[in-house]
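As structure tokens, the structure follows; a few thoughts come after it.
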2 protein chains.
Amino acid sequence: MRFDPHHHHHPGPEGGCCLGGRLRGFLQPCLLLLLSQGASHGYELMERLARDPMLPHADPGLLYRTLRQMEAEGWVTSTWDTEGQGPARRRYTITEEGLEFLRVWAARLAAMRADIDAFLERLERDMGARQDQ
Amino acid sequence: MRFDPHHHHHPGPEGGCCLGGRLRGFLQPCLLLLLSQGASHGYELMERLARDPMLPHADPGLLYRTLRQMEAEGWVTSTWDTEGQGPARRRYTITEEGLEFLRVWAARLAAMRADIDAFLERLERDMGARQDQ
DNA sequence: AGCCTATATATGTTTTTGTCATATATACAC
DNA sequence: GTGTATATATGACAAAAACATATATAGGCT
């Protein structure tokens, strides 16, 4: 079966992380997380994202562009890989700066989690009070 | 002292929620939360956001446009308020649909929180393993 | 009257991010 | 050859946010 990016339709609550599309720039740490486990190329990263229930699906256009941007930023480096069958792959490797950026994202996410908690608590209190009326 | 939207510069970790700007469309539930506590107008909402350490600061342009959008969506209604001194205010009142939308956001935030947890846990495991090498 | 500040709303432009569609090329199976 | 899988890339567009600016009312001060 061909990998079809148009079979996206977020199948519901069963699988797929809901942060993609909502949390700005979240694709970058997701790609860095995968690359921290070993070098890879765009098509494979796309498949790994699609298979992984903890990570959001990515549009191919966005994915390839994001990888190029990350290279420009210095988070990854790339080399052409012509070994193996099929068309040439651009093989991406994470850099030390990329790992550092991933740690920055971790701190950012922890802070966001705290903010979400505070917001939800307040909402619950307010909405609860509203029902009591 | 005049209310200056350009004194934004996110003063650091001391105050202000970091979700603004990162979480797409988050301004809407923030405004609805404030409006659920009573009708208000744009300028006042802006000041309340700026004062509230749990909510993100909003650019005036974005805030007024967002309020008009929310009215088009049916989450709020507005009437001109010419009482009191100064220029006329557009007074916004939350609707039943607005409250419902706020509940939808609550569910969305809870799901995002869970996804952040999962991501951070995995990151910690992976980065921990990397250090052990 | 003229000027400044506070109050209040609104529009215009640009950047970033994400979505959707499409183009291009290699290689293998039939 | 035709079709499918693999692989990368670009173009057009939409939404949200950031940044800049425009407009108007009203009160205080000189």
Side-chain angles (χ1 to χ4, degrees), chain A residues 1-10 17-31 40-50 56-73 76 78-92, chain B residues 1-10 17-31 40-50 56-73 76 78-92:
Chain A
M1 181 70 97
R2 173 178 152 69
F3 177 75
D4 184 359
H6 291 101
H7 268 122
H8 252 176
H9 64 45
H10 259 260
C17 151
C18 64
L19 289 169
R22 278 248 164 289
L23 196 53
R24 299 183 73 116
F26 187 57
L27 183 55
Q28 293 197 15
C30 290
L31 292 173
S40 187
H41 59 273
Y43 194 84
E44 193 181 59
L45 288 165
M46 197 160 53
E47 287 183 309
R48 286 165 74 187
L49 284 178
H57 297 199
D59 170 83
L62 180 59
L63 184 133
Y64 286 111
R65 254 189 295 244
T66 302
L67 286 168
R68 304 300 288 274
Q69 277 173 244
M70 290 199 298
E71 187 172 23
E73 297 281 355
V76 296
S78 79
T79 51
W80 280 107
D81 175 7
T82 50
E83 286 165 54
Q85 89 296 35
R89 285 148 299 229
R90 202 187 273 275
R91 185 179 174 77
Y92 287 94
Chain B
M1 182 70 100
R2 174 177 152 68
F3 177 75
D4 184 359
H6 290 103
H7 269 123
H8 251 176
H9 62 49
H10 259 259
C17 151
C18 64
L19 289 168
R22 276 248 162 303
L23 200 52
R24 298 181 75 114
F26 188 57
L27 182 55
Q28 293 198 15
C30 290
L31 293 173
S40 186
H41 59 274
Y43 194 83
E44 193 181 59
L45 288 165
M46 197 159 53
E47 286 183 311
R48 286 166 75 188
L49 285 178
H57 296 200
D59 169 82
L62 180 59
L63 183 132
Y64 286 110
R65 257 189 292 246
T66 302
L67 285 168
R68 304 299 289 272
Q69 277 173 244
M70 290 199 297
E71 187 173 21
E73 296 282 355
V76 296
S78 78
T79 50
W80 281 106
D81 175 7
T82 50
E83 286 165 54
Q85 88 296 35
R89 285 146 300 227
R90 203 186 273 274
R91 185 180 174 77
Y92 287 94

Can you check the [X] [atom1] to [N] [atom2] distance for me, whole Å?
X: B:Trp80; N: C:dT9; atom1: CH2; atom2: P; value: 7 Å
X: B:Gln69; N: D:dA15; atom1: CD; atom2: C1'; value: 9 Å
X: B:Arg22; N: C:dG18; atom1: CZ; atom2: C1'; value: 14 Å
X: A:Tyr64; N: C:dA23; atom1: OH; atom2: P; value: 18 Å
X: A:Leu62; N: D:dA14; atom1: CG; atom2: C1'; value: 14 Å
X: B:Leu67; N: C:dA8; atom1: CG; atom2: P; value: 14 Å
X: A:Arg24; N: D:dA16; atom1: CZ; atom2: P; value: 10 Å
X: B:Glu47; N: C:dT7; atom1: CD; atom2: P; value: 6 Å

Chi angles and distances behind the side chain to side chain contact (heavy atoms under 4.5 Å, CB included) call for A:Leu49, A:His57: CA-CA 6 Å; A:Leu49 284 178; A:His57 297 199; 5.8 Å; no

Across the strands shown, which category fits [X] at heavy-atom distances under 4.0 angstrom: base, sugar-phosphate, nothing?
X: A:Leu23; answer: sugar-phosphate
X: B:Arg90; answer: sugar-phosphate
X: B:Gly25; answer: sugar-phosphate
X: B:Gln28; answer: nothing

Do you know which two heavy atoms are closest between [X] and [Y], and how far apart they sit?
X: A:Leu63; Y: A:Gly42; result: CD2-O, 3.5 Å
X: B:Tyr64; Y: B:Tyr43; result: OH-N, 3.3 Å
X: B:Cys17; Y: B:Phe26; result: SG-CE2, 4.2 Å

Side chain to side chain contact (heavy atoms under 4.5 Å, CB included) evaluation trace for B:Leu31 with B:Met70: CA-CA 10 Å; B:Leu31 293 173; B:Met70 290 199 297; 3.7 Å; yes

Comparing A:Gly86 and A:Gly61 on DNA chain C - which has the more 5′ nearest nucleotide: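 Nearest-nucleotide comparison on DNA chain C picks A:Gly61.
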
Given DNA chain D, 5'-ward residue of the pair A:Arg65 and B:Gly21, judged by closest heavy atom: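 It is A:Arg65, whose closest nucleotide lies nearer the 5' terminus.
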
